[in-house]
Each structure stands twice: as structure tokens, then as C-alpha cells.
Amino acid sequence: MGSSINESPGSPRHHAHEERHTPTSLGSPHRVVTPNSPFSEEEVFKQQSRSPSYPSSNLRSPYNDREAELMKSRTLDLPRDKRKAAGGVRKRLGSNPNPAPSPPTPPARPASMKRTKSKSKSPAHAPKNPPPPPPMHKTVSVDTALSDKSSSPSSIPIAPPLHLKHPMVGGAMLTAAGTPLEAFKDLETHRTGFFRKKVTIANMLAWTKDSIKRPMIITRDKQQKKEAVELFKNVQQYMGDRQGKTRVKELDKLALTICSKCWEKKGLRDELYIQLCRQTTGNYNPKSLERGWELFSIALAFYPPTIKFRSYLEGFLWKRVEPLPENKGCPVEVYAQYCHKRVEKMVQSGAKRGLKKPSLEEVNHAKSAPFHPPVFGASLDEVMELQGETHPHLPIPWVVTALCDVILALKGPQTEGIFRVPGDIDEVNALKLKVEKGDIPMESLKDPHVPASLLKLWFRELEEPLIPEEYYEECIANCNHPHNAVSLVDSLPELNKQVLFFLLRFLKNFIRPENIKKTKMGLENISMVWAPNFLRCPSDDHTLIFQNTRMEMAFLRLLLKHLDLDKTPPTSSP
């Protein structure tokens, strides 16, 4: 629309129009630049740039602050549920639900004030594309780093090596193995409280004084679920974690009850082990803790864990083979080392054989086994050290000479199938327990197959075979070379060589022509049943073990034929 008033450039009305002010949203005056304005173009631009009409992004509008305070005061008067709803609306809309209109765009910079490039590196002249941030420190494998030619050896960050300590148990070094118990996938879900809140795995695997209502391991067998809950009560009672005192004599019977339950029902064995893992974790009562580890050693005397749970149990035991400050008052490391070693032995030999359930005598022996070196499953050096006080005059283990004497006294060389026919397994177990205590009851033995089976078992359970593993490959390679085989025997350790000579002299009694007619055990048969007790294949490959069986027999046959056994004087009746 045009104006009806004629305004000439020189009229007073026109000058008034030149100097009028234009209000903004905040009332900030800005001069309108006209061709006859007294201000230069550069001065007007500087003034407008400093004006609050064009606030920077880090400035807050007073309108926004007033609206935010008003919104907050209104919200505090609302009930809690509506206050949360209002808060959600405010969070979505921001502090100002009715935002002010965006300020006008500032005027373009005059050509006379255009900035020129400066060589100074001030923050105001930062480049459009800033350099990327420095990479985070990470560990680089040596092979990857060396394959990159652009990286220098001094710039490769390599993680420090991890040094694992390997505790020594009975002269043998334990190997770090096993999986953390928390990773076991078959753990049952436990819930607690009024709202049935799920129990965390950490709490589920920690000591508790309360009973459980569900088993620790998932099972569909309803009867086994009940027995698992009852088993946990028995474990708590043995450890003294339940109300009421239990006498020492009753403790042994209770341990026998626990082991007999798991002996009869194999599905409860892993359940028992994981319950013991729980009750010995975070248990700060030394008496209760020691009884829990006692029960560990008793159970491992009769049956091993299943293949599925073995790795987790080994991982649990491995973490405790070194002394910890929280285990003061209880030799946890002694129990853990014994149990770890026992698991490895039980995996090879299997559970206790025979039809008889565990006996009270076996339970008492297993309880003290961690602190008394065993006769079975030890090394030759350990057995010799153990008998230093009882049999100081014998140059070889007394158990070998004693069992050989018993076999000869029971007319073993005239018994058909000697060393081939196994003795009654329950009688063998009973005799083994007597031998562990240092006693061999001659008057109660009538069957020569029982001491013969136990003699083979002693050699088979040696921690290191009679002919050490480092000689195994050489023995197999020279199974058809008598001279080399004899030379190899001469290079064995002195104790191993003395035991080997004694045993070969003993076995020669059974391959005499007059005895072969009665025993039906010639050189081939004796070599077949005794070769696994002289040599032990270090490989786990069943095909290789089967292939080497004939060569092991051939090597023992060479020794019985060609070795001059008169070089070492006999130490007993053989």
C-alpha cells in the first residue's frame, strides 16, 4: 500500500522516519540504515552483532526461564502419578512448551570486513574437519604387530605376560585346568521372597544357613528332586550349619549315609559336589569350612564327578590350591590340592568297584587321607620316604615285597590263571585298606588271586610308571632289539631299576615249565597281563594305545628272556 503523504528527502517528516526505532521481541533498538544515515555501514554491523537481538546458542532466553519456573511450580502441586505424567510431557517438550519464535537472521557481513586467512593456530580459526581423536590404547598381538611394517617395535603396546603359579602336590606339578563354576549351564533357578525374586548365581553359589527347596542342578526326576533337598540338609547337618549338635561318632555315620545315597543313585553325585562347592564358598566359620572339605575328600574316595561337571569342579578346586587370607584356621589348600589330584586319578580309574557299599572304615580312612601320604597312587620316592621309619632296611617299597611273599605263600605259581583271573573286588578293596594302614593279615587270606590283583593295581596306580614316560618311545622303538633294550634298562633311575629287577625275578617263577602246566600262563600270557604295568602310553589316542600294545608286550618279553637278573642281588624270597 502506498502512502498518501508526499515525503521528500529533505523534509522533517522524512528525517524522523530515518531515525525511528524498530522494536524487537526484547525491546532492543536497532537503527535502520538508510543512504543518508549518520552511521557508516561497518559501525552499524558491529552494533547489531553485539545486540541481544541475536543471542548466541549458549545464552538462555528470559522467557524460557520464566516458563520453566512456572511449569515447575504447577507440577509440584499435582499428585505423584500426574506429576510423573507432567514430567514426561515436560521432558518431551523441553523446558519451554511454547517456544519463542526464532530470532531474525543477522545481516550479511560487508565486503570490507571480510576476514583474511591467518597463519596463527588460534581456536577461532579451527579447521572445518578436525583431526580424529587419538586411538585408545589396546593390546596388540606380537604376530599382528610384526606383520605390519609401518609399526616400529617401540610403538607396539604388548600386554605383560601372565605368570601362573603351579603348586606342587606330592612332588607332581598341578596343571591349571577347569572352567569357572559360574559358567555351569545346568544350574537350577532359585527364587526367594514374597515376590519370588530370582536368586543371582553369585548368591546361589555362596554359603547359606537356610535350606533349599529345589535342587542345585536341573533334573526332571521328581524323586531325585526330593532326595537332593534332603541331601543338602544332611550336608548342613554334617558341617554344623543346622541347629542342633551332632556327636563325632554320629558325624561318621552321617558321612557314610551321604556317600551311600550318592553311591546308590549316580544322579546325586554332581548334586553333592556342587552343594559342597556352595557351602565352602564364603564360609567364614573355620570348623564348618573344614568339615565341608572333609566331606569333599570322603566323596572323592568313592566316585568321581561326571564328564559334564568334571571341568567345573577342577576349576573350583584350582582356585583354592594356594593359601588365602580368608581361610585362616582351616588348611583349605591342603584339601584342595588333594581333591584336585584325586579327581585326576578317579577319572582314570573310575568309581569304587564292587557290590558293597562304602564302609565306615573306608570313610574314616578317606577323612584322614589328605594329611597322610597314601601307599597307592603315590610315586616310588614318596613311598620310600613314607617307609623310612617302619622299613628302613628295605631298598624297595615294602608293599611290593609283602604282596609277592603272600602270593608265593598261597601257592600262586601253582594256581591256574594267576594274574589273569581277577580276585573278588570287595576282598581286594578290603585288603587295599589294610595295606594303606601298613598291615597285611596273612591268616585271613586264602585266595592268591586277591593279592595278585592288588599287586597289579599298585603298579598301575603309580603316579609315574615303573619305566618313566621319557623312556617310552625308546622302548617301543627297541622292542625287537635285545641288546638295545638291556642297555636302556641300565640307564633307568636306580630305584626304578631295583624294583624292575625284583619284579622280573618274581615273574620268572611263573614261567618255569613245571609251573606253566598248572597255571596255563606262559611267557606270552605273562607279558600280556603285565606289560601295561611296566609301560604307560603318554598319549590319549585310543588307536595309538591299541597299536602300541603288541610292542609293549614284545619289550617285556625281551627283558624276561635276555636281561641278566643276577647282577642285582634279590631283596626277598624271589
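Just so you know, residue 1 is the first one in the sequence shown, and it goes up from there.
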Which distance, rounded to the nearest 0.5 Å, do you find between the CG of D381 and the CD of E464? 9.0 Å
Between E182 and Y312, is any side-chain donor less than 3.5 angstrom from a side-chain acceptor? no
Flag, side chain of W458 to backbone of V375, donor-acceptor distance under 3.5 Å: yes
Aromatic plane relationship, W530 with F534 - under 30° parallel, 30 to 60° tilted, over 60° perpendicular: perpendicular
K446 vs L410 side-chain heavy atoms within contact, under 4.5 Å: no
Do the side chains of P397 and M384 get nearer than 4.5 Å, heavy atoms only? yes
T415 side chain vs I418 backbone, donor-acceptor pair below 3.5 Å: no
Any Lys/Arg nitrogen of K341 or E463 sitting under 4.0 Å from an Asp/Glu carboxylate oxygen of the other? yes
Decide yes or no on ring-ring contact (aromatic ring centres under 6.0 Å, His included) for F510 and F419, but give the supporting numbers first. CA-CA 10 Å; F510 298 86; F419 297 121; 5.0 Å; yes
Which pairs pass salt bridge (charged side-chain N to carboxylate O under 4.0 Å, His left out) with one or both residues in residues 267-284, sequence neighbours excluded? none
Would you mind reporting whether T280 and Y335 have side-chain heavy atoms less than 4.5 Å apart? no
Decide, yes or no, whether a salt bridge links D186 with K308 under the criterion of side-chain N to carboxylate O below 4.0 Å. yes
Please collect all salt bridge (charged side-chain N to carboxylate O under 4.0 Å, His left out) contacts where either partner lies in residues 224-241, sequence neighbours excluded, each pair once. E227-K265
Relative to F376, does K432 satisfy both conditions: NZ or CZ under 6.0 angstrom from the six-membered ring centre, and within 45 degrees of the ring's axis? yes
Counting N and O atoms only, with roles assigned by atom type, does the side chain of S444 sit under 3.5 Å from a partner on the main chain of P441, one being a donor and the other an acceptor? yes
Answer whether the closest heavy-atom distance between the side chains of E294 and L251 falls below 4.5 Å. no
Establish, for the pair R320 and F316, whether the NZ or CZ atom is under 6.0 angstrom from the six-membered ring centre and no further than 45 degrees off its axis. yes
Contacts of V199 meeting side chain to side chain contact (heavy atoms under 4.5 Å, CB included) (sequence neighbours excluded), chain-then-number -> H190, T192, N203, M204
